Amino acid sequence: MAATLGSRTIRKKNRSNFNKLVSRKIIPPLVAIAVFLVIWQLLCLNPNFKLPGPIETISETWDPFIINPFFDNGETDKGLGWQILNSLGRVALGFSLAAIVGIVSGIVIGANKLLNNAVDPIIQVLRTVPPLAWLPISLAAFQQANPSAIFVIFITSIWPILINTIVGVQHIPQDYINVARVLRLKGVKYFFKIVFPATVPYIFTGLRIGIGLSWLAIVAAEMLVGGVGIGSFIWDAYNTTTETNLSEIIIALIYVGLVGLFLDKLVAFIASKVVAAEQK
């Protein structure tokens with residue numbers, strides 16, 4: 001009897017949690033999206049509104065861009081799936097390099113006040129340079145589009161990672177430092193026992209900001225360097241300027257937004273797991 005009552009209580013609790021999840025996390029976004037689509041469609045009833053509505057956009061891009069995003073007709077005539085994957089490949093490489101350099105450099109700079117004072121003005125100046133302003137420099141240096149785009153991603157995303165890591169190291173609790181002195185922790189042990197656990201929330205804050213900036217930068221960079229990528233696809237569609245291509249641009253922007261949301265949530269999920277593991 002007690003076991004039966006216990007299982008019923010658990011089922012009720014699970015059902016209650018599921019209902020709360022649906023009512024708070026699922027229904028409100030769906031309602032907001034529906035309202036947005038209705039407003040968009042109503043605006044398109046105005047003959048002076050030149051953009052296609054949601055119904056027209058879906059009908060014009062359904063085949064092949066929605067139902068067959070991985071078609072490949074050669075060269076740059078590829079589906080949005082391949083365009084996104086090519087862009088993600090560049091982002092993965094540029095962001096990974098930025099993460100490695102930013103975290104390592106941030107720990108070194110944050111642990112040394114003299115070095116921090118020396119390089120802080122340089123960091124503050126360089127981090128304010130717009131991403132696309134680096135493109136001519138990267139093209140001149142690498143002479144190729146792909147490395148140039150990767151460099152733009154790197155130089156755009158490294159600053160929030162670097163700065164947040166520096167701040168994290170500078171805010172290590174004094175109690176942690178005292179414990180390290182008592183236990184005589186040095187080198188690798190000091191890093192993994194003291195520095196990393198204390199700075200990991202700051203590091204992942206920087207990584208989360210950095211991945212968003214990386215995705216923004218690659219779309220803009222690809223518009224200028226060409227090739228296969230979601231930015232190049234949008235720019236090529238714009239240059240042909242037909243009503244159908246406007247629908248292609250809109251559906252490509254939806255893909256970009258969904259991938260950006262996924263990347264942000266992925267880094268946030270990893271951060272929650274790592275931070276929780278370090279706090280145990």
Side-chain angles (χ1 to χ4, degrees), residues 87-172 191 195-225 229-231 234-235 256-257 259-271 274-275:
S87 297
L88 284 174
R90 297 185 181 102
V91 167
L93 183 54
F95 178 72
S96 297
L97 292 172
I100 294 170
V101 175
I103 293 172
V104 173
S105 302
I107 291 172
V108 173
I109 296 171
N112 190 313
K113 291 184 179 181
L114 180 62
L115 181 60
N116 180 49
N117 292 334
V119 302
D120 183 67
I122 300 175
I123 294 173
Q124 298 305 324
V125 169
L126 294 180
R127 76 180 183 85
T128 60
V129 177
L132 290 185
W134 291 103
L135 192 57
I137 300 296
S138 61
L139 286 170
F142 298 105
Q143 301 294 319
Q144 294 182 13
N146 200 50
S148 300
I150 293 171
F151 175 78
V152 170
I153 297 167
F154 169 84
I155 203 68
T156 301
S157 59
I158 190 174
W159 306 119
I161 300 171
L162 177 63
I163 293 172
N164 276 276
T165 304
I166 292 173
V167 172
V169 173
Q170 292 175 338
H171 285 77
I172 296 177
F191 173 77
V195 176
F196 185 72
T199 59
V200 70
Y202 294 89
I203 291 173
F204 273 100
T205 298
L207 291 174
R208 191 172 180 182
I209 298 172
I211 193 66
L213 293 177
S214 295
W215 191 236
L216 292 175
I218 190 57
V219 172
E222 285 176 344
M223 286 184 175
L224 300 182
V225 300
I230 192 64
I234 293 172
W235 190 244
V256 169
V259 172
L261 175 64
F262 169 77
L263 292 175
D264 179 75
K265 296 301 182 183
L266 177 62
V267 175
F269 174 77
I270 296 173
V274 174
V275 172

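Computed from a predicted structure; not experimentally measured. The analysis underlying the following values was restricted to heavy atoms, covering all of them including side chains, and did not include hydrogens, waters or symmetry mates.
- In this structure, the side chains of Ile230 and Val259 stay at 4.5 Å or more apart for every pair of heavy atoms.
- Side-chain contact between Phe154 and Val101 is present, with heavy atoms from C-beta onward closer than 4.5 Å.
- From Ile211, atom CD1 reaches atom CD1 of Ile153 across 9.0 Å, with rounding to the nearest 0.5 Å.
- For Asn112, there are no side-chain hydrogen bond (donor to acceptor under 3.5 Å, both in side chains) partners at least two apart in sequence or on another chain.
- Closest approach of Gly106 and Val169 over heavy atoms only: O-CG2, 4.2 Å.
- The nearest pair of heavy atoms linking Gly110 to Ile166 is CA-CG2, 4.0 Å.
- Rounded to the nearest 0.5 angstrom, Trp215 CH2 and Leu263 CG are separated by 6.5 Å.
- By the side-chain hydrogen bond (donor to acceptor under 3.5 Å, both in side chains) test, Asn146 pairs with Arg90, sequence neighbours left out.
- The shortest non-hydrogen separation linking Pro131 to Thr156 is CB-OG1, 3.3 Å.
- Distance check: Gln170 CD to Ile172 CD1 gives 9.5 Å after rounding to the nearest 0.5 Å.
- Residues forming a side-chain hydrogen bond (donor to acceptor under 3.5 Å, both in side chains) with Gln144 (at least two apart in sequence, or on another chain): none.
- Looking at every heavy atom in both residues, Pro160 comes nearest to Leu213 through CG-CD1, 3.9 Å.
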Audit row: Ile107, Phe196, side chain to side chain contact (heavy atoms under 4.5 Å, CB included) steps and yes/no: CA-CA 9 Å; Ile107 291 172; Phe196 185 72; over 6 Å; no

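- With a 6.0 Å radius and a threshold of 12 heavy atoms from other residues, nucleotides or ligands, Leu115 has its CG atom above the threshold.
- Nearest heavy atom pair, residue Val225 against residue Ala149, reads CG2-CB, 4.5 Å.
- Residues His171 and Tyr202 share a closest heavy-atom pair of CB-OH, 3.7 Å.
- Once rounded to the nearest 0.5 Å, the distance linking CG of Leu224 with OG of Ser148 reads 11.0 Å.
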Determine whether Leu126 and Trp134 satisfy the following criterion, side chain to side chain contact (heavy atoms under 4.5 Å, CB included), listing intermediate values before the conclusion. CA-CA 10 Å; Leu126 294 180; Trp134 291 103; 3.9 Å; yes

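- The backbone N or O of Leu93 lies less than 3.5 Å from no partner atom in the side chain of Ser96, so there is not a single donor-acceptor pair.
- Between the CG atom in Leu132 and the CG atom in Leu216 there is a gap of 10.5 Å [rounded to 0.5 Å].
- The backbone N or O of Val125 sits less than 3.5 Å from a side-chain atom of Thr128, completing a donor-acceptor pair.
- Side chain of Ser157 to backbone of Ala98: no donor-acceptor contact under 3.5 angstrom is found.
- The line from CG of Asp264 to CZ of Phe262 is 11.0 Å long, rounded to the nearest 0.5 Å.
- In this structure, the side chains of Leu207 and Phe95 come closer than 4.5 Å at one or more pairs of heavy atoms.
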